[in-house]
Protein chains: 2
Amino acid sequence: MTTVREGIILAACRLLEKQGYPATGLSEIVKESGSPKGSLYYYFPGGKEQIVSEAVLFAGNILVERMRDELSKYDNPIQALYEYIMKLAGKVEEKNFFASNPLTIVAVEAAGTSERISQACQDVYAQIQEVLQEKMVCCGLSETEAARQATLTLASLEGSIILSRVYRTSDPLRTLAEHLKDSLPQSKTSLTPQAEDDR
Amino acid sequence: MTTVREGIILAACRLLEKQGYPATGLSEIVKESGSPKGSLYYYFPGGKEQIVSEAVLFAGNILVERMRDELSKYDNPIQALYEYIMKLAGKVEEKNFFASNPLTIVAVEAAGTSERISQACQDVYAQIQEVLQEKMVCCGLSETEAARQATLTLASLEGSIILSRVYRTSDPLRTLAEHLKDSLPQSKTSLTPQAEDDR
DNA sequence: GTCTATACGGTGATAGAC
DNA sequence: GTCTATCACCGTATAGAC
């Protein structure tokens with residue numbers, strides 16, 4: 001339906017995750033998308049800020065949904081996170097170590113530049129944190145302790161993604177995955193997953 | 001001595017940590033530095049790439065040195081890291097949540113753009129990791145286990161810095177500091193610091 | 001060493017024709 | 001809806017005078 005609009009958003013996502021906000025030009029986006037150049041300001045009267053904001057939210061929603069799906073495959077949050085991060089490590093390798101969404105880089109760049117984009121990034125981070133927190137609660141943690149663990153997990157994840165990108169290895173992500181198995185020992189449930197080997 | 005050269009490097013550091021690599025212009029740097037504009041390509045014939053690379057290495061060396069100093073104040077690596085991160089949290093607040101060096105943002109941006117800058121970032125990260133690893137070894141960890149823990153700590157630190165910047169709170173950093181006290185229980189030494197209250 | 005001038009290409013954004 | 005033309009400004013980098 002909204003092929004042109006969505007095409008532009010998707011192209012923006014692809015370019016942003018590699019180059020970031022200021023380095024990605026509008027002409028580059030329309031060229032990458034294959035969409036008609038004249039439609040840019042018709043669909044996005046807010047200009048570059050609007051396109052980037054929407055791209056962050058769009059990619060963020062997909063990420064959050066995928067995360068929730070993956071984490072729901074295992075009852076135990078530790079096992080679930082382990083599997084999720086290992087899958088992410090594989091994806092990052094396939095993509096030549098450019099992480100699978102424009103969130104991190106745009107968030108850092110826009111923090112002092114665009115309030116609108118920065119707000120979009122905050123929203124996505126809050127959603128991710130909520131997904132993690134919900135999963136931690138199942139673990140038997142209190143609400144506040146779960147929030148704490150969610151923040152820590154998110155920080156470790158973001159940092160590992162950065163290190164993987166810089167070093168061009170998925171090792172930091174895999175190290176994190178292995179470590180999580182041991183470092184959330186507050187878990188009151190067993191390590192037995194809901195479905196361990198049928199996936 | 002090298003007042004002009006150093007002035008440009010320092011100005012580059014200040015601007016890079018707020019805006020990043022592509023968003024920071026050469027004219028902006030010379031203006032910020034107050035240095036003569038005509039000297040830019042005299043001191044830095046390699047252009048923008050050279051300036052940014054040197055800025056990253058310069059700020060990185062200071063960071064590594066400061067880190068080594070702070071960590072050496074306490075024998076126990078956990079206590080040392082706790083104090084270091086808490087101090088960092090205070091600094092980040094003072095600086096309006098723009099972290100104290102251009103490393104993170106430039107590393108992420110330059111990963112797919114400039115090999116030279118990317119290499120400089122890798123070097124600094126490797127140095128930081130080495131400092132952490134050395135400190136972990138004192139903890140009684142094996143060499144490989146110390147390397148693992150250093151990677152994890154660095155990732156958590158980077159991620160917390162990003163979250164602090166995005167949310168404009170030092171909470172993620174403080175949460176990390178508190179957590180570290182409990183999550184490196186492999187420590188074989190006591191928690192008693194070398195000098196706890198005389199600083 | 002430092003200056004000015006300039007080359008050359010890019011940027012985001014707008015106006016008006018179709 | 002899409003195009004082209006155009007705006008004013010920006011970027012990096014170089015050349016040559018002083």
Side-chain angles (χ1 to χ4, degrees), chain A residues 1-56 102 105-106 109-120, chain B residues 1-56 102 105-106 109-110 112-118 120:
Chain A
M1 284 287 136
T2 334
T3 318
V4 174
R5 246 195 85 96
E6 267 199 12
I8 291 175
I9 294 288
L10 285 171
C13 288
R14 261 173 281 146
L15 293 171
L16 284 171
E17 78 187 355
K18 284 182 202 158
Q19 305 168 339
Y21 174 37
T24 300
L26 291 184
S27 42
E28 203 182 356
I29 293 177
V30 291
K31 185 181 157 197
E32 162 88 10
S33 74
S35 302
K37 190 174 176 178
S39 319
L40 236 182
Y41 283 89
Y42 172 78
Y43 291 111
F44 305 94
K48 195 181 184 182
E49 255 197 326
Q50 184 183 356
I51 294 179
V52 175
S53 299
E54 291 200 26
V56 167
I105 183 167
V106 173
E109 290 176 323
T113 303
S114 158
E115 192 49 52
R116 179 173 184 179
I117 298 173
S118 189
Q119 188 58 54
Chain B
M1 286 288 138
T2 334
T3 318
V4 174
R5 247 196 85 96
E6 267 199 13
I8 291 174
I9 294 288
L10 285 171
C13 289
R14 262 173 279 146
L15 294 170
L16 285 171
E17 77 187 355
K18 285 182 202 159
Q19 305 168 340
Y21 174 37
T24 301
L26 292 183
S27 41
E28 203 183 354
I29 294 176
V30 291
K31 185 181 158 196
E32 162 87 12
S33 75
S35 302
K37 190 174 178 178
S39 317
L40 235 183
Y41 282 88
Y42 173 78
Y43 290 111
F44 305 95
K48 194 181 185 181
E49 254 197 326
Q50 185 183 356
I51 295 179
V52 175
S53 299
E54 292 201 24
V56 167
I105 184 166
V106 173
E109 291 177 321
T113 304
S114 159
E115 192 50 51
R116 179 172 184 180
I117 298 173
S118 189

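Values below: all heavy atoms of this structure, side chains included; hydrogens, waters and symmetry mates excluded. Please read these numbers as outputs of a predicted model, since none were measured by experiment. Reminder, nothing fancy here: chain letters follow the sequence lines and each chain counts from 1.
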In Å and rounded to the nearest 0.5 Å, what is the [atom1] to [atom2] distance from [X] to [Y]?
X       : Y        : atom1 : atom2 : answer
A:Ser53 : A:Phe44  : OG    : CZ    : 11.0 Å
A:Tyr21 : A:Ser114 : OH    : OG    : 5.0 Å
B:Ile9  : B:Tyr43  : CD1   : OH    : 12.0 Å
A:Arg14 : A:Glu28  : CZ    : CD    : 11.5 Å

What are the atom names and distances for every N/O pair under 3.5 Å that joins the protein to nucleotides 2-5 of chain C?
residue: C:dT2; atom: OP2; partner: B:Ser39; partner atom: OG; Å: 2.9
residue: C:dT2; atom: OP2; partner: B:Tyr43; partner atom: OH; Å: 3.0
residue: C:dT2; atom: O5'; partner: B:Ser39; partner atom: OG; Å: 3.1
residue: C:dC3; atom: OP2; partner: B:Lys37; partner atom: N; Å: 2.9
residue: C:dC3; atom: OP2; partner: B:Gly38; partner atom: N; Å: 3.0

Problem set entry | Within residues 6-15 of chain A: residues closer than 4.0 Å to DNA chain C (heavy atoms) |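 Hits under 4.0 Å, by residue number: none.
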
Does a side-chain heavy-atom distance below 4.5 Å link [X] with [Y]?
X        : Y       : value
B:Leu40  : B:Ile29 : no
A:Thr113 : B:Gln19 : no
A:Tyr41  : A:Leu26 : yes

Exercise. Minimum heavy-atom separation for B:Ala110 to B:Ser118, with atom names?
Worked result: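 B:Ala110 and B:Ser118 have their closest heavy atoms at O-CB, 3.9 Å.
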
Exercise. Which atom pair, heavy atoms only, marks the closest approach of A:Ser35 to A:Val4?
Worked result: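 Closest heavy-atom pair between A:Ser35 and A:Val4: OG-O, 3.8 Å.
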
Extract from the structure each pairing of a protein N or O with an N or O of nucleotides 9-13 of chain D at less than 3.5 Å, listing the distance.
residue: D:dG11; atom: OP2; partner: B:Ser27; partner atom: OG; Å: 3.3
residue: D:dT12; atom: OP1; partner: B:Leu26; partner atom: N; Å: 3.2
residue: D:dT12; atom: OP1; partner: B:Lys48; partner atom: NZ; Å: 3.2
residue: D:dT12; atom: OP2; partner: B:Leu26; partner atom: N; Å: 2.8
residue: D:dA13; atom: OP2; partner: B:Tyr41; partner atom: OH; Å: 2.7
residue: D:dA13; atom: OP2; partner: B:Lys48; partner atom: N; Å: 3.1
residue: D:dA13; atom: O5'; partner: B:Tyr41; partner atom: OH; Å: 3.2

Problem set entry | Residue of the set A:Ile8, A:Thr24, A:Leu15 for which side-chain contact (heavy atoms from CB on, under 4.5 Å) holds with A:Glu32 |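 The passing option is A:Leu15.
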
Problem set entry | A:Phe44 CZ to D:dG1 C1', straight-line distance once rounded to whole Å |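 It works out to 14 Å between those atoms.
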
